[in-house]
Amino acid sequence: MHLAERPLGYDTRFGSGWISGVFAVALAALGLGGVLCLRFPSFLTTPDARALYPLDLVRFLIHLLLVAGFGLGALSIVLSRRAPLGLVGIALVVAGALLGGSQVPIEGPLETSRYLGLDWFLLNVLVLAMLFVPLERLFARRPSQPIFRPGWATDLAHFAVSHLLVQVTVLLTLVPAALFFRWAVHPTIQGAIASQPALLQFVEIVVVADLSEYAVHRLFHTVPWLWRFHAIHHSSEAMDWLAASRIHLVDAVVTRALAFVPLYVLGFSTGPVYAYLVFVSFHAIFVHANVRFRFGALERIVGTPKFHHWHHATAPVDRNFAIHLPAIDRLFGTLYLPEGFPAAYGIDGHPVPRRYAAQWVRPCRRGR
Ligand SMILES: [Zn+2]
Ligand SMILES: [Zn+2]
């Protein structure tokens, strides 16, 4: 996948039309994505989520996105002499309108056999961007790092593909446990665990899952052919919420599938497991964010941006393997928490290619 990496050659100051142009493209693209979901719901929406959508509100939101995209696109054209961003924004809105706009009727029975999670991607990108972009502007660890820093398009491609393929990744995460570890299940143990209070189960899940995540993560660092996959994640030279998504699908699926095995065997209730899934997807992004928050003594107990930023430091990278609980690293002698944040991120020598497609195939090539 090839997308423009940087707005090179643009005047990006306030009043230049760049900010309105970027917002025009972003909002119009979200609006167009929403129209596509309404137009092709069988193929572009997640079956489990369909029943939960307040459809009138969704249509209204899509309408607002298209109108705002058009208005900001027009503003950008007026403000800037060269107007590609504004024009792209308006073109996306026109495409959305031609496809039926926010009021396009949903027709026919919906299939559930094969689908892409476009709705899942759009919702996540909307919510996370609304949360983290202002947070990283207000409390930046590196204030000079722009939103569209080098590598943003590659990371957005990782983010998009992993969300679009949600059907495949969820299946690959859940199936191995049921397939290979059914023998380890014991109804008495499962009954005892599932009868505990939900909050206690949630805390236990965090501990159990992070112990597995620690082990698998450490393995990805020590076994050379596994490191080839995990190196993609470590190739980010800028830390922010989007950098969290730069993970090879093999890395993501293997880690999740193995972390799920003990949860499956122990038989935790679905409520606390779902709560953990929400928690991990937020926390794993938060620890990558470009924020300077400090948490005092808590930093040695709970995973913070500083804790995980040190894991991404050019040196020493083989530390801080846990996601949620630095206490696990402390237990195994791999905790590294000096004062402040690391000066540089990434891998010395830049062995990982910068383009998305090249990152996908690199670990699979032999002899490199
Ligand atoms: Zn790592
Ligand atoms: Zn990371």
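Predicted model, so just to flag it, every value in this text is computed and none were measured. Residue numbers count from 1 along this sequence. Start at 1 and go down the list; that is how both ligands and their atoms are numbered.
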Inset, instruction - Of all the heavy-atom pairs spanning A95 and L32, show the shortest one and how long it is. - result: C-CD1, 4.0 Å
Inset, instruction - For H311 and H221, run side-chain hydrogen bond (donor to acceptor under 3.5 Å, both in side chains): C-alpha distance rounded to whole Å, both residues' side-chain angles, the deciding distance at 0.1 Å, then the answer. - result: CA-CA 11 Å; H311 180 68; H221 274 254; 3.2 Å; yes
Legend entry - Pair listing, ring pair (Phe, Tyr, Trp, His ring centres under 6.0 Å) test, anchored in residues 49-69, at least two apart: none
Legend entry - Check against side chain to side chain contact (heavy atoms under 4.5 Å, CB included), I232 and I247: CA-CA 6 Å; I232 308 297; I247 300 180; over 6 Å; no
Inset, instruction - Could you pull out the closest heavy-atom pair between F229 and D251, with the gap in Å? - result: O-OD2, 4.3 Å
Legend entry - Y276/H324 under side-chain hydrogen bond (donor to acceptor under 3.5 Å, both in side chains): CA gap, chis, key distance, verdict: CA-CA 11 Å; Y276 174 71; H324 314 302; 2.8 Å; yes
Inset, instruction - Return the set of protein N, O or S atoms whose distance to the Zn ion (ligand 2) is under 2.8 Å, each given as residue and atom. - result: H233 NE2, H288 NE2, H308 NE2, H312 NE2
Inset, instruction - Rounded to the nearest 10 degrees, what's the angle NE2 of H217 makes with NE2 of H230 at the Zn ion (ligand 1)? Could you check? - result: 90°
